[in-house]
Participant: 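Pasting a structure below so you can have a look.
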Number of protein chains: 2
Amino acid sequence: MKIEPAGSGPVTLRDVAERAQVSIATASNALTGARRVGPGAIERVRRSAAELGYRPNGVARSLRTGLHQSIGLVIPDVTNPFWAGMVGVIEGLADESGFQLSLVNTAFDAGREAASLTRLAGSVDGVLLFSTNPRATASDPAFPHGLPIVAVDEGFDLPGIGGVHSDNVGGGRAAAEHLVEAGGTVFGLLAGPGTLTTATQRGAGFSAGLSDRGIDPSRLHRVTAPYSFEGGREGVRRMLAQHPEIDALFACTDNQAIGALFECHDLGRVVPDDLLICGFDDISWASRITPGLTTLRQDAAAMARSAFEQLVDRVANGGAPRVEVFPVNLVRRGSTRRVTTV
Amino acid sequence: MKIEPAGSGPVTLRDVAERAQVSIATASNALTGARRVGPGAIERVRRSAAELGYRPNGVARSLRTGLHQSIGLVIPDVTNPFWAGMVGVIEGLADESGFQLSLVNTAFDAGREAASLTRLAGSVDGVLLFSTNPRATASDPAFPHGLPIVAVDEGFDLPGIGGVHSDNVGGGRAAAEHLVEAGGTVFGLLAGPGTLTTATQRGAGFSAGLSDRGIDPSRLHRVTAPYSFEGGREGVRRMLAQHPEIDALFACTDNQAIGALFECHDLGRVVPDDLLICGFDDISWASRITPGLTTLRQDAAAMARSAFEQLVDRVANGGAPRVEVFPVNLVRRGSTRRVTTV
DNA sequence: GCCCGGATGTAAATCGTTTTATTTCGAGCG
DNA sequence: CGCTCGAAATAAAACGATTTACATCCGGGC
């Protein structure tokens with residue numbers, strides 16, 4: 001086995017073919033298996049390739065085949081722990097199946113989303129889209145219509161776009177039921193921006209759940225706040241200033257819920273005795289803080305896997321877009337567990 | 001202005017040239033500016049390109065020029081908030097300068113690092129490497145030597161690899177000085193894995209700082225634990241079991257420090273009265289928890305920017321590798337601020 | 001009148017693969 | 001022996017840009 005002559009640039013298929021004494025076409029077929037090749041030739045080509053340390057040039061292959069073995073990931077903010085977790089899972093899957101990952105961080109700028117997608121369209125086979133305003137993006141004139149897109153959380157219902165999302169309505173309903181059972185009597189809903197389906201659905205589920213339990217709508221107070229820790233802090237402060245009688249809170253996001261919980265601590269309201277708090281997501285900090293945060297766990301790993309697999313199915317097999325819904329599970333922790341000393 | 005005929009596939013440079021009544025070469029030169037082109041031609045080409053909605057095919061360009069306008073990001077774990085923050089910054093910079101970002105998550109598997117780098121070598125112009133074992137990676141036979149690499153935190157001292165890192169020794173020393181001044185008498189060092197330069201340097205700086213202040217080495221107890229929340233919990237438990245007299249703790253990472261702080265809460269040791277705690281990083285949770293975590297702030301944004309700029313300088317201008325060091329700043333918060341009622 | 005040089009323009013080579021069309025060869029069969 | 005048929009191999013045409021080398025034109029200096 002000879003070592004490759006180090007000074008002669010990268011090894012091309014031509015070099016391999018030459019050494020194996022076959023044509024370039026035969027070498028290509030032998031390596032990719034696109035067509036039958038004689039057993040002698042196939043063996044010689046394989047050996048030559050190994051000896052020369054041949055690495056196929058992906059760019060050239062892309063140019064010819066039109067495929068990139070690469071998928072795009074468009075995310076408003078990688079810093080968000082829930083999304084970051086999904087990114088991790090997706091990266092693992094991509095690595096396994098030989099796909100590269102192209103990351104785009106849109107910083108919540110909807111204008112950048114469409115532009116990003118068109119840029120990506122030239123270098124990826126499909127895109128996983130985590131959008132906060134998919135409708136605006138999809139109606140942007142720059143929106144690339146040929147590109148397979150699978151949306152997560154938001155925008156899964158757009159034509160031609162498949163997606164995955166949690167059972168947000170069911171989750172909101174479960175939160176309502178749990179808070180009622182845990183002893184809540186006057187309720188606060190820390191909702192997210194009205195443009196987000198996750199926010200409206202979780203909120204809708206929550207109020208529906210309260211109705212089901214016979215709670216009068218006048219006992220539900222709603223405040224809107226960003227999906228962030230600071231949003232939660234600020235939102236709960238506004239809420240309690242207006243309605244100090246609230247004794248049970250549902251936040252659409254763990255980030256908000258944890259912010260609210262910390263704010264309550266600063267305000268001197270003890271959780272869960274004075275106020276029950278239930279979140280949504282089950283990020284890792286939910287179980288770390290004290291009291292632990294009761295929350296609705298989304299199966300982020302399963303969602304990520306499903307989204308990835310749908311995308312691969314669409315780019316590789318021409319599969320059709322579909323929408324997949326995932327159940328959420330109530331995780332009971334200290335923030336809604338009162339030690340009833342009555 | 002005619003609209004592009006929607007049914008005829010992507011618009012190529014040939015189409016543009018044809019419509020502008022010039023050769024393909026002229027069209028290329030007019031658009032890229034690689035050579036002077038007559039004012040009439042340049043105008044016609046520009047208009048035709050705009051009218052047809054021409055988007056240059058990046059893959060073809062890559063094949064010809066050997067450049068990719070893309071850089072790789074190799075990270076052990078995107079979930080880590082400190083790294084995630086840097087990823088966000090880098091993404092913004094890449095977007096500004098027209099680079100794409102290829103993300104690889106190695107999941108702390110050093111064996112995957114070298115393989116990832118070789119795979120990336122074919123599709124990116126350079127790599128930003130966040131490694132936990134750069135020496136192993138660099139000595140792997142698969143390590144791609146031609147590829148420009150800029151290392152963050154670890155491995156910046158390897159030949160041919162530039163990098164950025166914080167002043168870890170100085171930070172450790174500052175932690176020591178601060179803990180002494182805050183009233184610490186017996187010290188604990190929650191160190192990271194010995195394979196990490198950040199861990200050894202922060203630890204070395206810390207013990208040097210104690211010596212400088214005349215603290216006898218017998219008053220410093222060291223425990224090794226992973227750089228994680230759970231590592232911090234478990235590490236401080238071991239440490240306090242063996243040396244309950246410790247009243248000041250320096251953790252090499254905010255994640256560890258916060259884990260330690262929470263564990264202390266569970267153990268009934270109140271921070272800061274019974275135990276002072278100082279971390280390193282200043283992740284966002286450090287200022288959210290109560291008491292706030294005193295810590296050494298790394299300027300993650302500046303480091304990210306510098307690393308990115310160095311990489312671009314190397315791929316675009318053939319710049320030489322260099323090492324850049326960033327100062328860290330002590331941020332005083334509740335975890336080391338005793339209300340001295342003496 | 002002749003030649004030179006700068007400015008534009010263009011045909012064709014090139015990047016490294018895949019894929020299509022064509023060639024070659026030998027076995028099988030009437 | 002001639003003919004067909006299939007398998008294996010190959011030459012050459014893509015893919016879509018950049019870049020090289022060459023052609024053309026025109027004004028100006030001698």
Side-chain angles (χ1 to χ4, degrees), chain A residues 4 8-46 48-49 52-70 98 119 121-123 125 146 316, chain B residues 4 8-46 48-49 52-70 98 100 119 121-125 146 316:
Chain A
E4 45 183 318
S8 58
V11 182
T12 103
L13 189 54
R14 179 196 191 88
D15 302 333
V16 174
E18 202 165 296
R19 167 179 260 253
Q21 315 226 37
V22 293
S23 74
I24 300 187
T26 303
S28 171
N29 289 324
L31 291 175
T32 64
R35 275 184 41 157
R36 267 207 62 75
V37 166
I42 205 175
E43 171 56 21
R44 269 172 306 157
V45 170
R46 287 234 176 95
S48 308
L52 294 175
Y54 169 68
R55 313 260 336 149
N57 181 323
V59 174
R61 176 178 289 171
S62 269
L63 177 59
R64 180 63 236 236
T65 62
L67 302 175
H68 308 276
Q69 286 292 83
S70 165
R119 261 218 319 281
S123 60
D125 300 314
Chain B
E4 44 183 318
S8 59
V11 182
T12 104
L13 188 54
R14 180 197 190 88
D15 302 331
V16 174
E18 203 165 296
R19 167 178 261 254
Q21 315 224 41
V22 294
S23 75
I24 301 187
T26 302
S28 171
N29 288 324
L31 292 176
T32 64
R35 271 185 41 160
R36 267 206 65 73
V37 165
I42 205 174
E43 172 55 21
R44 270 173 304 157
V45 170
R46 285 235 176 95
S48 308
L52 294 175
Y54 169 68
R55 313 262 333 150
N57 181 324
V59 174
R61 176 178 288 171
S62 270
L63 178 59
R64 180 62 235 240
T65 62
L67 302 176
H68 309 275
Q69 286 294 83
S70 165
Q100 295 225 309
R119 261 218 317 282
S123 60
V124 303
D125 300 315

Participant: Just so I know, are the side chains of B/Q21 and B/R44 near enough to count as touching, which here means a heavy-atom distance under 4.5 Å?
Facilitator: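 They are in contact (side-chain heavy atoms under 4.5 Å apart), so the answer is yes.
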Participant: NA contact type, A/S62, heavy-atom cut-off 4.0 Å: base, sugar-phosphate, or nothing?
Facilitator: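 Answer is nothing: A/S62 stays at 4.0 Å or more from every strand.
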Participant: Measuring only between side-chain heavy atoms, which start at C-beta, is A/D125 closer than 4.5 Å to A/H68?
Facilitator: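 A side-chain contact exists here, since the closest heavy-atom pair is under 4.5 Å.
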Participant: Anything under 3.5 Å between a donor and an acceptor, one on a side chain of residues 55-67 of chain A, the other on a protein residue two or more places apart or in another chain? List them.
Facilitator:
residue: A/N57; atom: OD1; partner: A/V59; partner atom: N; Å: 2.8
residue: A/N57; atom: OD1; partner: A/A60; partner atom: N; Å: 3.0
residue: A/S62; atom: OG; partner: A/G58; partner atom: O; Å: 3.4
residue: A/S62; atom: OG; partner: A/L67; partner atom: O; Å: 2.7
residue: A/T65; atom: OG1; partner: A/R61; partner atom: O; Å: 2.9
residue: A/T65; atom: OG1; partner: A/L67; partner atom: N; Å: 3.2

Participant: Looking at every non-hydrogen atom in both residues, tell me the closest pair between B/V22 and B/A41 and how far apart they are.
Facilitator: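 Looking at all heavy atoms of both residues, the closest pair is CG1-CB, 4.2 Å.
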Participant: Could you list the residues that satisfy side chain to side chain donor-acceptor pair (under 3.5 Å) with B/R119, not counting sequence neighbours?
Facilitator: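 By the side chain to side chain donor-acceptor pair (under 3.5 Å) rule, B/R119 matches A/D95.
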Participant: Rounded to whole Å, how long is the line connecting atom CD of B/Q21 with atom P of C/dG9?
Facilitator: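 It works out to 13 Å between those atoms.
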Participant: Ignoring backbone atoms, test whether B/R36 places a side-chain nitrogen or oxygen under 4.0 Å from the OP1 or OP2 oxygen of C/dA7.
Facilitator: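 Answer no for this pair, as no side-chain N or O of B/R36 is under 4.0 Å from OP1 or OP2.
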Participant: Show me the protein contacts with nucleotides 21-28 of chain C, counting only N or O atoms at under 3.5 Å.
Facilitator:
residue: C/dA21; atom: N6; partner: A/R35; partner atom: NH1; Å: 3.4

Participant: Report yes if the side chains of A/Y54 and A/D15 come closer than 4.5 Å at any heavy-atom pair, otherwise no.
Facilitator: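 No - every pair of side-chain heavy atoms lies 4.5 Å or more apart.
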Participant: Is the phosphate of C/dG9, meaning OP1 or OP2, less than 4.0 Å from a side-chain N or O of B/T26?
Facilitator: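 No, B/T26 has no side-chain N/O under 4.0 Å of OP1/OP2 on C/dG9.
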Participant: Quick one: B/R44 CZ to C/dT8 P, roughly how many Å, whole number?
Facilitator: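 It is 13 Å, rounded to the nearest whole Å.
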Participant: N/O contacts under 3.5 Å, protein versus nucleotides 12-15 of chain C?
Facilitator:
residue: C/dT14; atom: O2; partner: B/R64; partner atom: NH1; Å: 2.8

Participant: Tell me, which pairs form a side chain to side chain donor-acceptor pair (under 3.5 Å) where one or both residues lie in residues 25-39 of chain B, sequence neighbours left out?
Facilitator: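 Residue pairs passing side chain to side chain donor-acceptor pair (under 3.5 Å), neighbours aside: B/S23-B/T26.
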Participant: Just verifying a value: how many Å separate A/Q69 CD and B/S123 OG, rounded to the nearest 0.5 Å?
Facilitator: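 Answer for the CD-OG pair, A/Q69 versus B/S123, is 11.5 Å.
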Participant: Starting at atom CG of A/L13, determine the distance to atom P of C/dG16, rounded to an integer number of angstrom.
Facilitator: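 One finds 11 Å between P of C/dG16 and CG of A/L13, rounded.
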Participant: Categorize A/V59 for me: base, sugar-phosphate, or nothing, with a 4.0 angstrom heavy-atom threshold over every strand shown.
Facilitator: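 Since no nucleic acid heavy atom lies under 4.0 Å of A/V59, the category is nothing.
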Participant: What are the bounds, 5' to 3', of the part of DNA chain D that sits under 4.0 Å from heavy atoms of chain A?
Facilitator: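 Range of nucleotides within reach of chain A: D/dA8 to D/dG16.
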Participant: How close do B/L52 and B/V11 get, counting heavy atoms only, and between which atoms?
Facilitator: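 Where B/L52 meets B/V11 most closely, the heavy atoms are O-CG2, 3.3 Å.
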Participant: Measuring only between side-chain heavy atoms, which start at C-beta, is A/L13 closer than 4.5 Å to A/L31?
Facilitator: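 SC-SC contact between A/L13 and A/L31 confirmed.
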